[in-house]
Engineer: 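To start, I am sharing the structure in question, which I have written as structure tokens.
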Protein chains: 2
Amino acid sequence: MTAESPTTTRGRRADAERNRERILEAARAVVGEQGTQASLRDVARRADVGLGTLYRHFPTREALLETLLRERFDGLAARAAELGRSLEPAAALTEWLHGFILSTGGYRGLAGSLMATLNDEDSPLHASCLAMREAAGQLLGRAQESGRIRPDVDGTDLFALVNALGWIADQAPSAADRGAHLFTVFMDGLKTRPASGAPDPAGP
Amino acid sequence: MTAESPTTTRGRRADAERNRERILEAARAVVGEQGTQASLRDVARRADVGLGTLYRHFPTREALLETLLRERFDGLAARAAELGRSLEPAAALTEWLHGFILSTGGYRGLAGSLMATLNDEDSPLHASCLAMREAAGQLLGRAQESGRIRPDVDGTDLFALVNALGWIADQAPSAADRGAHLFTVFMDGLKTRPASGAPDPAGP
DNA sequence: ACCTGAACACCGTTCAAGT
DNA sequence: ACCTGAACACCGTTCAAGT
């Protein structure tokens, strides 16, 4: 019997796995500091790994971001379904959008990456983003059916807007809450307004 | 008398001036195609000019953009004053914002440059951007005084929003009009709504 | 005065060479 | 199998050398 460490089940694979984890850890730190556009060289340096090793594990920048962001996106999609069951439609929508902005804000460049990913069918994150946008679209559709939300906005519109508001926070550190405020103004705009002086349209 | 062309009033200066114009012409073309982030090397190549010459005339990218954009910005500020005189406050505001989106849309990266410039006091375009934002703020303020527009939004908020909507168009060629549509929804949100069933607050 | 392009320090990405 | 870093083609910016 040659030496074989108990944790190493398949030859050298454990080293590779450890490198993968180091790269992800470094990427979380560097992307957190520099945003989505962070230098991959910085990530490799931080992980104490050759640049080629990074590319071996994550052949493209998208592939690296995928691993960092997919959980977050899938979590947001799941939360949409959850809120759809537990709250009335309009409240579920507002609550989900609020959570989206919180979970997404402060991640510089994320808004742009999200929009780019939605427009690129070949991106590994495309499916996750689309699922998330459609989960939000479901909440919107139900809120519109309830008559409390204007019918002339669709899920794509709304998602683009929320991303645009997130983009504002990218521009200046001070502007982080400006987006949140504008969001409430916009949500007011989304609510249907009763014809002035007329009774509720629900009971003719 | 040595040869001196009639258009050349000051020795070799005319050559330099001609280069400046060539650079600006090339910059208009390249920035129009590639957006604000265009490669300065491409600009120099297109102008058939050494890279150092470009830097001699425009020591920074901002300085180059300044010359391309200042007229546009100052024009928008002037238009705000004009509309303020000729239309009622709320209509003037809506009209100006609409014009801003038209004049600014499709210029990839411009929204980001604008926000960056507003946050950088040392930028040569800072004053122009600020003047434009404040001209818009004046329209907003008067519209708010007239009671037709919500008082809880300020000029900085509104300007950030309009830029964010312009940013949407940067993301996908197809999304150009989405921003315009979202803008109308937002403007609806900005309008004060009468207390349901109550008379106009102007006459107590 | 003005112009030029090599030079420097970066970047993303690839790939021959090592273990 | 996996890792490494030199190599390539770019970038923005500077600056010694030319006219």
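Residue numbers begin at 1 in each chain, while the letters A, B, ... track the order of the sequences.
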Engineer: Could you spell out the base pairing of DNA chain D as a dot-bracket line? Use Watson-Crick and G-U wobble contacts where both distances are under 3.5 Å, [ ] for crossing pairs, | for partners on a different strand.
Structural biologist: ||.|||||...|||||.||
Engineer: Enumerate, atom names and distances included, each donor-acceptor pair closer than 3.5 Å involving a side-chain atom of residues 89-110 of chain B, sequence neighbours excluded.
Structural biologist:
residue  : atom : partner : partner atom : Å
B:Thr94  : OG1  : B:Ala90 : O            : 3.0
B:Trp96  : NE1  : B:Leu76 : O            : 2.8
B:Arg108 : NH2  : B:Glu33 : O            : 2.2

Engineer: Could you tell me how far apart A:Phe58 (CZ) and C:dG12 (P) are, to the nearest whole angstrom?
Structural biologist: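 After rounding, the reported distance stands at 16 Å.
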Engineer: With A:Thr53, which residues qualify under side chain to side chain contact (heavy atoms under 4.5 Å, CB included), at least two apart?
Structural biologist: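 Per chain and number, A:Thr53 pairs via side chain to side chain contact (heavy atoms under 4.5 Å, CB included) with A:Asn19, A:Ile23, A:Val49, A:His57.
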Engineer: Quick one, which residues of residues 21-31 of chain A touch DNA chain D with a heavy atom under 4.0 Å?
Structural biologist: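 Those residues whose heavy atoms fall under 4.0 Å from DNA chain D, taken from residues 21-31 of chain A, amount to none.
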Engineer: Do any side-chain atoms of residues 150-167 of chain B form donor-acceptor pairs under 3.5 angstrom with protein atoms, and if so which ones, sequence neighbours left out?
Structural biologist:
residue  : atom : partner  : partner atom : Å
B:Arg150 : NE   : B:Asp152 : OD1          : 3.1
B:Arg150 : NH1  : A:Asp188 : OD2          : 2.5
B:Arg150 : NH2  : B:Asp152 : OD2          : 2.8
B:Asp154 : OD1  : B:Thr156 : N            : 3.2
B:Asp154 : OD1  : B:Asp157 : N            : 2.8
B:Asp157 : OD1  : A:Arg178 : NH1          : 3.0
B:Asp157 : OD2  : A:His181 : ND1          : 3.3
B:Asp157 : OD2  : B:Asp154 : N            : 3.4
B:Asn163 : ND2  : B:Phe159 : O            : 3.1

Engineer: To the nearest angstrom, how far is B:Leu40 atom CG from D:dT13 atom P?
Structural biologist: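 Taking atom P of D:dT13 as the reference, CG of B:Leu40 is at 6 Å.
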Engineer: Mind checking B:Ser39 for me? I need base, sugar-phosphate or nothing, with any heavy atom below 4.0 Å counting as a touch.
Structural biologist: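 Contact class for B:Ser39: sugar-phosphate only.
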Engineer: Just call it for A:Ala44: base, sugar-phosphate, or nothing, with non-hydrogen atoms closer than 4.0 Å on any strand.
Structural biologist: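 Result for A:Ala44 = nothing.
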Engineer: 5'-most contact on DNA chain D: B:Arg61 or A:Val49, nearest heavy atom basis?
Structural biologist: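 First, find each residue's nearest nucleotide; the 5'-ward one identifies A:Val49.
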Engineer: Starting at CG of A:Asp48 and ending at C1' of D:dT4, how long is that distance when rounded to a whole Å?
Structural biologist: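 Rounded to the whole Å, the gap is 12 Å.
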Engineer: Where do N or O atoms of nucleotides 6-8 of chain C meet protein N or O atoms at under 3.5 Å, pair by pair?
Structural biologist:
residue : atom : partner : partner atom : Å
C:dA7   : N6   : B:Arg41 : NH2          : 3.4

Engineer: What interatomic distance, in whole Å, is found between P of C:dT14 and the corresponding atom of D:dA1?
Structural biologist: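 Taking atom P in both D:dA1 and C:dT14, they lie 22 Å apart.
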